[in-house]
Amino acid sequence: MVNEKIKKIAQDIKTMRIRGAGRIARAAARALKIAAIESQVKTPAEFSHEMETVSKILLETRPTAVSLPNAIRYVLLGLKQAHGADLWTMKKTICSRADDFIKNSLEAVKKIGEIGANRISSGDVLLTHCNSECALSIIKTAFKQGKNIEVITTESRPVWQGRLSAKELLKEGIPTTMIIDSAVRHFIRDVDKVIVGADSIAANGAVVNKIGTSSIALAAHEARVLFFVAAETYKFHPETLVGRLVEIEERDPNEIINLKRYPGLKVRNPAFDITPPEYVDLIVTERGIIPPYAAYAIIQEIFEWKPGNGPRHTADKLKPSI
Ligand code: RUB
């Protein structure tokens, strides 16, 4: 029987009380740790089975952010590491890998802020979309370094994550202007750099992020404005190396409009879109800045991928190295 706390975390991810790819990943690691601590089973085999069941529930919440399966893959590698061990050791291994993931993830966000802030100059006007911890980490770090910056944030309809960003930025004292999503091209010439996060990055460097990101990238490209993506290396999608496409989540149309009032109206509500690598100038990761075309090399290294092997996700490779 699945623990109520796990069901609650899964439900919170589904309904977006927990949202943003990094937070979702950490919540999944936390859920696996809770499941391990509170497990009532008696044998290692039953325990492995229970962990797989919990993972399945978590994986079914939201399909696009690869940080979720990557976090689970990272924690569950503990089952393989502790193979043949007693139940207590297995539980301990899962708990310590979950703790490791959470700690490394938080460190990565900080490191991305430091690395990315080096590319921000005093006087810059930055545009951000949605609400990305990593993108905001760069902006906040640059501001804390004393750089005189301004931020334009979109509303990010239909769920208004731009309001979260605006609140966070204002709390830091950063001058912030909000615009409607469709006003980006109108204002793009006032912008020096666009900084967004990512839910998944494919092996060819294509970036999956909040719906509207690709239109912003297109406008930035047209106006020769730099387009930065800020993402931890667990946002790189290992299966895209062998042709898997990233699933784009389509959410409830009622997020956009009350369908009861418009009988017969068809509404589409994709939550994410894909920005081709041609429109991305650089990706700031905790391991350093890379061009989008280096995504392949990152995936190969982080996941120890070799032709014919499935991806692994090891402890050492997640640690910031720069
Ligand atoms: C969130 C979103 C964010 C990325 C990166 O979408 O698209 O830009 O997840 O965020 P949603 P972070 O609100 O639908 O989850 O840098 O915080 O991981």
Side-chain angles (χ1 to χ4, degrees), residues 20-23 26 67 104-156 161-179 181 183-184 187-199 201 205 207 209-210 212-213 216-217 219-221 223-235 275 279-292 294 298 319-322:
R23 289 188 179 93
R26 290 195 292 276
S67 53
N104 291 339
S105 163
L106 293 169
E107 273 175 18
V109 175
K110 193 164 171 281
K111 195 83 201 169
I112 285 168
E114 289 161 9
I115 296 171
N118 290 332
R119 295 294 182 102
I120 308 300
S121 310
S122 221
D124 274 353
V125 175
L126 309 169
L127 185 141
T128 192
H129 183 54
C130 193
N131 177 251
S132 155
E133 273 188 307
C134 290
L136 294 190
S137 176
I138 294 177
I139 297 171
K140 289 182 198 170
T141 308
F143 187 72
K144 281 189 187 130
Q145 289 171 346
K147 289 174 184 164
N148 176 21
I149 53 173
E150 271 180 50
V151 180
I152 298 179
T153 174
T154 59
E155 290 181 305
S156 314
Q161 289 93 333
R163 293 177 183 175
L164 300 174
S165 294
K167 265 199 187 138
E168 273 187 57
L169 293 164
L170 291 174
K171 202 169 148 216
E172 299 290 323
I174 303 174
T176 304
T177 305
M178 180 171 283
I179 61 172
D181 298 338
V184 167
F187 287 110
I188 198 73
R189 288 187 197 283
D190 299 342
V191 174
D192 296 290
K193 283 148 198 160
V194 175
I195 310 182
V196 297
D199 288 83
I201 299 176
V207 173
N209 192 48
K210 182 53 53 196
T213 302
I216 297 173
H221 186 73
R224 294 172 155 270
V225 168
L226 286 169
F227 189 91
F228 292 8
V229 174
E232 311 89 320
T233 47
Y234 55 78
K235 309 263 179 73
T275 300
Y279 300 141
V280 177
D281 289 291
L282 55 89
I283 303 175
V284 186
T285 78
E286 75 279 13
R287 295 163 69 80
I289 292 176
I290 62 160
I298 289 277
K319 298 225 166 87
S321 64
I322 290 175

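Keep in mind that what you see is a predicted model, and the values were worked out from it rather than measured.
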Over all heavy atoms of both residues, which pair between [X] and [Y] is shortest? Give the atoms and the distance, please.
{"X": "His129", "Y": "Thr213", "answer": "CD2-OG1, 3.4 Å"}
{"X": "Ser137", "Y": "Gly113", "answer": "OG-CA, 3.2 Å"}
{"X": "Ala230", "Y": "Ile138", "answer": "CB-CD1, 3.7 Å"}
{"X": "Tyr234", "Y": "Gly22", "answer": "OH-CA, 4.0 Å"}
{"X": "Gly173", "Y": "Phe143", "answer": "O-CZ, 3.4 Å"}
{"X": "Thr128", "Y": "Ala135", "answer": "OG1-CB, 4.0 Å"}

From [X] atom [atom1] to [Y] atom [atom2], the distance as rounded to the nearest 0.5 Å:
{"X": "Thr141", "Y": "Glu114", "atom1": "OG1", "atom2": "CD", "result": "6.5 Å"}
{"X": "Lys147", "Y": "Ile139", "atom1": "NZ", "atom2": "CD1", "result": "12.5 Å"}
{"X": "Ile201", "Y": "Ile283", "atom1": "CD1", "atom2": "CD1", "result": "4.0 Å"}
{"X": "Ile115", "Y": "Glu286", "atom1": "CD1", "atom2": "CD", "result": "7.5 Å"}
{"X": "Met178", "Y": "Ser165", "atom1": "CE", "atom2": "OG", "result": "8.0 Å"}
{"X": "Thr153", "Y": "Asn131", "atom1": "OG1", "atom2": "CG", "result": "8.0 Å"}

For Lys110, does the NZ atom sit with more than 12 other heavy atoms under 6.0 Å from it, leaving out its own atoms?
no
Would the distance check show the side chain of [X] and the main-chain N or O of [Y] forming a donor-acceptor pair, the cut-off being under 3.5 Å?
{"X": "Thr154", "Y": "Asp181", "answer": "no"}
{"X": "Lys193", "Y": "Arg119", "answer": "yes"}
{"X": "Ser67", "Y": "Ala21", "answer": "yes"}
{"X": "Ser122", "Y": "Asn148", "answer": "yes"}
{"X": "Asp281", "Y": "Phe228", "answer": "no"}

Side chain to side chain contact (heavy atoms under 4.5 Å, CB included) between Val194 and Ile188, worked out:
CA-CA 9 Å; Val194 175; Ile188 198 73; 4.2 Å; yes
Under a 4.0 Å N-O cut-off, is there an ion pair linking Glu168 with Lys171?
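The answer is no: the pair does not qualify as a salt bridge.
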For the residue pair [X] and [Y], establish whether any side-chain heavy-atom pair is separated by less than 4.5 Å.
{"X": "Leu106", "Y": "Arg26", "value": "yes"}
{"X": "Ile216", "Y": "Val196", "value": "no"}
{"X": "Leu226", "Y": "Asp192", "value": "no"}

Tested for side chain to side chain contact (heavy atoms under 4.5 Å, CB included) against Ile195, the lone hit among Ile120, Leu127, Asp124 is Ile120
